[in-house]
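Labels below follow one simple rule: chain letters A, B, ... track the order of the sequence lines, proteins then strands, and each chain is numbered from 1.
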Number of protein chains: 2
Amino acid sequence: MGEAETAREQVVRAADELFYTRGVQAVGMDAVRTAAGVSLKRIYSLFSSKDELVVAVLRHRTQMWDAGIASASENATTARERLLAIFDFLDAWFRESDFHGCAFINTHGELSASSQAVADAVREQKRSFQEYVGRLVDEIGGTPDLAAQVAILAEGAQTTAAIAGTPDAARHARAAATTLLDAAVPAHV
Amino acid sequence: MGEAETAREQVVRAADELFYTRGVQAVGMDAVRTAAGVSLKRIYSLFSSKDELVVAVLRHRTQMWDAGIASASENATTARERLLAIFDFLDAWFRESDFHGCAFINTHGELSASSQAVADAVREQKRSFQEYVGRLVDEIGGTPDLAAQVAILAEGAQTTAAIAGTPDAARHARAAATTLLDAAVPAHV
DNA sequence: TACGGTAGAGAACGATCGTTCTCCGCGCAA
DNA sequence: TTGCGCGGAGAACGATCGTTCTCTACCGTA
């Protein structure tokens, strides 16, 4: 059982890296097998289809995203700081050499038309993120509309950074978020 | 020649609709042939590869985008109105029943890892749009940074609307853009 | 009427995909 | 030791892809 857990994690981790780097459809199950060091038979006993593996990879990415946001917010003491920490997290991410855009957005563009399960998994992650932003905005007295605006900035920054190939969008989105927060919530200082 | 132009247009239009609805990799050249009513031999005499057809489709989409923005800005008399008209255009687009997100973002997520030509075509379209926004922002006395912020809102709205499946993002992005413009440029009234 | 060249329809080809199956070797109960 | 079941390696399968090739019908021209 512990062994099975490890094999499953190896497959998910290997598939995640391959899918993110080359795209899902460009990676065959043979490549996953080789990278994970787990036989095809075992992979198909853990996941009934490639689609299911993709969903598992997206869930793994969700955990990584949540952990990254939490880590970037560690030193933040207020909800406002935690909101802005999102964009600091994006900035650091965009500067990584293997940054290829948001895996959820990429996978949605690639597979949402042919796989409802994938589309649902992506939508769920975005909904969860919007909820997180919504809680923080509520803490500082902002409206749900303001939360939606901040979330749109985060999405736009990821898309822009991926296509342009530069990390500038994080800085721009952070500045825009600051303006929106200042305009909606009277500064306490 | 006029005939060739027409055949080329038929192929591009048919491919555009198929690619946008089902995704590029999910559509075979046989499906393009059937939908366009043009033989494979002729298609491959017009485009040397599927990749080249994809680039031609993206260029066609660029023209449609530019025309849509121009049409939505028809009644605008000021640069500020033309900027906000972008979000009205997005709002109307998001409400169309066959809206499946931004074709450039989708195609980038699907093929940028495997086709440099596609990645370049997408980047060029986004750069062109950012330039358009930049000109309008400059007209009202805003900085390039403000233009980047407005462009990020537009990108984020498209991504959010595509994944969530609702048109709300256009309204939110428009309100955010209004706040940003008001904060950066003193109102004249 | 005879003919050269073009274009259409779709068969054919080689590659690759997701998925399944076969074979083999190893660990364990009696 | 002998038999048994499980898992690993990867061959095999059927489908599908992008691309090319073959064959045929038809066109204007002499």
Chemist: With A:R22, which residues qualify under salt bridge (Lys or Arg N to Asp or Glu O under 4.0 Å), at least two apart?
Modeler: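 Here no residue qualifies.
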
Chemist: Pairs under 3.5 angstrom only: tabulate donor-acceptor contacts from the side chains of residues 49-62 of chain B to other protein residues two or more places apart or in another chain.
Modeler:
{"residue": "B:S49", "atom": "OG", "partner": "B:D51", "partner atom": "N", "Å": "3.4"}
{"residue": "B:S49", "atom": "OG", "partner": "B:E52", "partner atom": "N", "Å": "3.3"}
{"residue": "B:K50", "atom": "NZ", "partner": "B:V24", "partner atom": "O", "Å": "3.1"}
{"residue": "B:K50", "atom": "NZ", "partner": "B:V27", "partner atom": "O", "Å": "2.8"}
{"residue": "B:D51", "atom": "OD2", "partner": "B:S115", "partner atom": "OG", "Å": "2.5"}
{"residue": "B:E52", "atom": "OE1", "partner": "B:S48", "partner atom": "OG", "Å": "2.8"}
{"residue": "B:E52", "atom": "OE2", "partner": "B:S48", "partner atom": "N", "Å": "3.4"}
{"residue": "B:R61", "atom": "NE", "partner": "B:D16", "partner atom": "OD1", "Å": "2.8"}
{"residue": "B:R61", "atom": "NE", "partner": "B:D16", "partner atom": "OD2", "Å": "3.4"}
{"residue": "B:T62", "atom": "OG1", "partner": "B:L58", "partner atom": "O", "Å": "3.0"}

Chemist: NA contact type, A:V27, heavy-atom cut-off 4.0 Å: base, sugar-phosphate, or nothing?
Modeler: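 Sugar-phosphate, no base atom in range.
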
Chemist: What salt bridge (charged side-chain N to carboxylate O under 4.0 Å, His left out) pairs are there with at least one residue in residues 131-148 of chain B, not counting sequence neighbours?
Modeler: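 Listed once each, the pairs are A:R171-B:D145, B:R82-B:E139, B:R127-B:E131, B:E131-B:R135.
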
Chemist: With heavy atoms under 4.0 Å as the rule, sort A:S45 into base, sugar-phosphate or nothing.
Modeler: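 Touches nothing.
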
Chemist: Apply salt bridge (Lys or Arg N to Asp or Glu O under 4.0 Å) to A:E17 and list each qualifying residue two or more places apart in sequence or on a separate chain.
Modeler: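 Listed in chain order: nothing, the list is empty.
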
Chemist: In whole Å, what is the span from the CE atom of A:M29 to the P atom of D:dG14?
Modeler: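 Rounded to the whole Å, the gap is 20 Å.
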
Chemist: Sequence neighbours excluded and cut-off under 3.5 Å, please list the side-chain donor-acceptor pairs for residues 146-154 of chain A, or say none.
Modeler:
none

Chemist: Salt bridge (Lys or Arg N to Asp or Glu O under 4.0 Å) with B:E155: which residues, sequence neighbours excluded?
Modeler: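 Salt bridge (Lys or Arg N to Asp or Glu O under 4.0 Å) list for B:E155, sorted by chain: B:K126.
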
Chemist: Partners of A:E81 by salt bridge (Lys or Arg N to Asp or Glu O under 4.0 Å), sequence neighbours excluded?
Modeler: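 Listed in chain order: nothing, the list is empty.
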
Chemist: To the nearest Å, how far apart are B:Q25 CD and C:dG18 P?
Modeler: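 That distance rounds to 11 Å.
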
Chemist: Return the polar atom pairs (N/O with N/O) between nucleotides 8-12 of chain C and the protein under 3.5 Å, or none.
Modeler:
{"residue": "C:dG8", "atom": "OP2", "partner": "B:S39", "partner atom": "OG", "Å": "3.3"}
{"residue": "C:dG8", "atom": "O6", "partner": "B:K41", "partner atom": "NZ", "Å": "3.0"}
{"residue": "C:dG10", "atom": "N7", "partner": "B:R33", "partner atom": "NH1", "Å": "3.2"}

Chemist: Show me the pairs that pass ring pair (Phe, Tyr, Trp, His ring centres under 6.0 Å) and involve residues 158-178 of chain A, at least two apart or across chains.
Modeler: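 Those involving residues 158-178 of chain A do not exist here.
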
Chemist: Measuring from atom CG of A:L90 to atom CZ of A:R95, what distance do you get when rounded to the nearest 0.5 angstrom?
Modeler: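 The CZ atom of A:R95 is 11.5 Å from CG of A:L90, to the nearest 0.5 Å.
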
Chemist: Rounding to a whole Å, what distance do you find between B:L111:CG and D:dG18:P?
Modeler: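 In whole Å, D:dG18 P and B:L111 CG are 11 Å from each other.
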
Chemist: Report the distance from atom CZ of A:F47 to atom C1' of C:dT20, rounded to the nearest whole Å.
Modeler: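 Spelled out: CZ on A:F47 to C1' on C:dT20 is 18 Å.
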
Chemist: Nearest-Å distance, CD1 (A:I43) to C1' (D:dG10)?
Modeler: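 From A:I43 CD1 to D:dG10 C1': 12 Å.
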
Chemist: Whole Å only: how far is the CD atom of B:E52 from the P atom of D:dT19?
Modeler: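 That distance rounds to 10 Å.
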
Chemist: Hey, can you pull the residues of residues 15-24 of chain A with a non-hydrogen atom under 4.0 angstrom from DNA chain D?
Modeler: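 None, since no heavy atom is under 4.0 Å.
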
Chemist: Under the side-chain contact (heavy atoms from CB on, under 4.5 Å) rule, collect the residues that match up with B:D120, sequence neighbours excluded.
Modeler: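 With neighbours one apart ignored, the set is B:Q116, B:R123.
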
Chemist: Please give the angle, rounded to 10 degrees, between the axes at the start and the end of the helix from C:dT1-D:dA30 to C:dA30-D:dT1, where five pairs define each axis.
Modeler: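 The helix from C:dT1-D:dA30 to C:dA30-D:dT1 shows an end-to-end axis angle of 20°.
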
Chemist: Before giving the answer on ring-ring contact (aromatic ring centres under 6.0 Å, His included), spell out for B:W65 and B:F104 the whole-Å C-alpha distance, their side-chain angles and the decisive distance to 0.1 Å.
Modeler: CA-CA 11 Å; B:W65 170 271; B:F104 298 96; 7.4 Å; no

